[in-house]
Amino acid sequence: RTQRTQAAMSFLVCGTGAIAQALTKRLPGKIVVAGRQGAADIRVDFSKAEEVGAALGGTALPADLRGVAYCVGTAVMKPLRAVGAGDCLEAFSVNALGAMEVVKAALPQLKKNRGSVVLFSSVAVQTGFPNHVVIGMAKGAVEGLAMSLAAELAPNVRVNCIAPSLTTGAAITAPLTANEATAAKIAAAHPLARLGTPDDSAALAALLLSDDGSWITGQVFGVDGGRGSIVR
C-alpha cells in the first residue's frame with residue numbers, strides 16, 4: 001500500500017549503518033544524514049552530548065523537518081565479571097543520551113510540523129540473554145526515553161521505538177554473523193528461522209515516520225522474528 005503524501009517531507013536520519021542506509025532509501029523528500037563517518041551531511045559524535053546540540057541546533061536542520069530516526073547504537077557483549085563502569089557509561093551516552101539530545105535539538109521543527117520520532121532499542125531489553133548486561137541497560141534506557149518523550153510531547157510529536165533482534169549487514173553484529181555456523185544457529189533460535197535484514201526494521205520505521213502512522217505513539221515494536229515473545 002502506498003503511503004499517503006506528506007506536505008512537508010524532510011527527515012533527519014542519525015547514523016550511517018545498515019538500518020540507517022535502508023531507511024534513507026524508503027523515505028520521501030529531503031534526507032539529512034548525521035553521523036561520525038560515511039555519507040553524513042552533518043558530522044557529529046553522538047557519544048559526546050555537548051557536540052550534538054552544537055551540530056544540529058540553529059539552522060542546521062530544515063524548517064520543514066517532519067521526522068527523526070535515531071539509528072545509532074553499540075553492541076558491547078561481555079559477561080558481568082568483565083563489565084566496567086566505562087563500558088556502561090559509554091553505551092548509555094551513545095544510545096540514550098545522544099538520542100535525547102537529538103530530539104531536543106530538533107524539537108522546534110518537530111512541534112511546529114507535528115512530526116514523528118523513531119528510536120531503536122533491542123530484543124535484549126525484554127528478553128534476557130547472557131553477556132548482554134551493557135546493551136540491555138543502555139537500550140532499556142532508550143525504551144524509557146521513548147515512553148517519556150511520547151507522554152511529554154503529545155499531541156504534537158509522536159515517539160515510538162523499534163526493538164530488532166540480530167540483523168545481518170550491521171557492523172556491530174558482524175562478529176556474530178560472519179561465521180556461517182554461528183549465524184545459522186542464532187537464526188534457528190527465531191520462530192521465523194532467519195536473521196533480520198536492515199530493511200525489516202527500516203520498513204516499520206518508514207511507516208512510523210509517515211502519516212500512515214499518525215495514530216501510533218508510545219509503542220515499542222519488536223522486529224525480531226518472534227524471538228522476543230515466542231518460546232521455542
Side-chain angles (χ1 to χ4, degrees), residues 11-27 31 33-40 46-47 67-79 87 90-91 94-96 98-99 118-140 142-143 146 160-210 219-232:
F11 298 90
L12 171 65
V13 176
C14 297
T16 56
I19 293 176
Q21 291 179 41
L23 179 57
T24 60
K25 295 176 183 178
R26 282 183 167 269
L27 293 174
I31 313 299
V33 177
R36 291 189 302 176
Q37 55 192 7
F46 294 107
S47 69
V68 172
Y70 191 77
C71 312
V72 181
T74 57
V76 176
M77 285 174 279
K78 296 179 178 181
D87 295 321
E90 181 179 4
V94 173
N95 290 278
V118 174
L119 306 181
F120 280 85
S121 177
S122 166
V123 67
V125 173
Q126 299 297 327
T127 304
F129 299 117
N131 303 325
H132 280 64
V133 170
V134 176
I135 192 64
M137 289 174 63
K139 290 301 191 181
V142 172
E143 293 190 8
N160 293 287
C161 188
I162 295 174
S165 187
L166 195 65
T167 300
T168 61
I172 60 175
T173 60
L176 295 176
T177 59
N179 182 282
E180 290 187 11
T182 301
K185 184 177 180 180
I186 298 173
H190 295 74
L192 295 185
R194 69 170 175 86
L195 299 179
T197 69
D199 208 46
D200 290 327
S201 292
L204 179 56
L207 182 144
L208 293 171
L209 291 170
S210 78
Q219 305 300 312
V220 178
F221 294 95
V223 180
D224 57 15
R227 195 176 190 191
S229 56
I230 301 173
V231 178
R232 294 202 64 177

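Nothing here was measured: the structure is a model prediction, and the numbers come from that model. All residue numbers in this chain count up from 1 along the given sequence.
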Using 0.5 Å steps for rounding, measure from the [atom1] atom of [X] to the [atom2] atom of [Y].
| X | Y | atom1 | atom2 | answer |
| --- | --- | --- | --- | --- |
| N95 | S47 | CG | OG | 11.0 Å |
| C71 | Q21 | SG | CD | 10.5 Å |
| M137 | D87 | CE | CG | 10.5 Å |
| R26 | S210 | CZ | OG | 11.0 Å |
| I162 | L204 | CD1 | CG | 4.0 Å |
| S121 | N160 | OG | CG | 12.5 Å |

Could you report the tightest heavy-atom contact between [X] and [Y], atom names first, then the distance?
| X | Y | answer |
| --- | --- | --- |
| F120 | S201 | CE2-CB, 3.9 Å |
| P191 | I230 | CG-CB, 3.7 Å |
| L23 | A205 | CD1-CB, 4.0 Å |
| Y70 | V94 | OH-O, 2.5 Å |
| V142 | C161 | CG1-SG, 4.2 Å |
| A99 | L119 | CB-CD2, 4.1 Å |

Tell me, with the steps shown, if T74 and I135 meet side-chain contact (heavy atoms from CB on, under 4.5 Å). CA-CA 7 Å; T74 57; I135 192 64; 4.3 Å; yes

Tell me every residue that passes side chain to side chain contact (heavy atoms under 4.5 Å, CB included) with D224, counting only those two or more places apart in sequence or in another chain. V123, S165

For D200, which residues count as a side chain to side chain contact (heavy atoms under 4.5 Å, CB included) partner, sequence neighbours excluded? R194, T197, V223

Between the main-chain N or O of A188 and the side-chain N or O of H190, is there a donor-acceptor pair closer than 3.5 Å?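 Side chain of H190 to backbone of A188: no pair is present.
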
So, the side chain of T168 versus the backbone of P198: is there a donor-acceptor pair under 3.5 Å, distance only? no

Trace of the side-chain contact (heavy atoms from CB on, under 4.5 Å) decision for V134 with K78: CA-CA 8 Å; V134 176; K78 296 179 178 181; 5.6 Å; no

Is the CD atom of E143 crowded by more than 12 outside heavy atoms at less than 6.0 Å? yes

Look at atom CE of M77 and say whether more than 12 heavy atoms of other residues, nucleotides or ligands are closer to it than 6.0 Å. yes

Carboxylate-amine/guanidinium proximity below 4.0 Å for D199 and K25: no

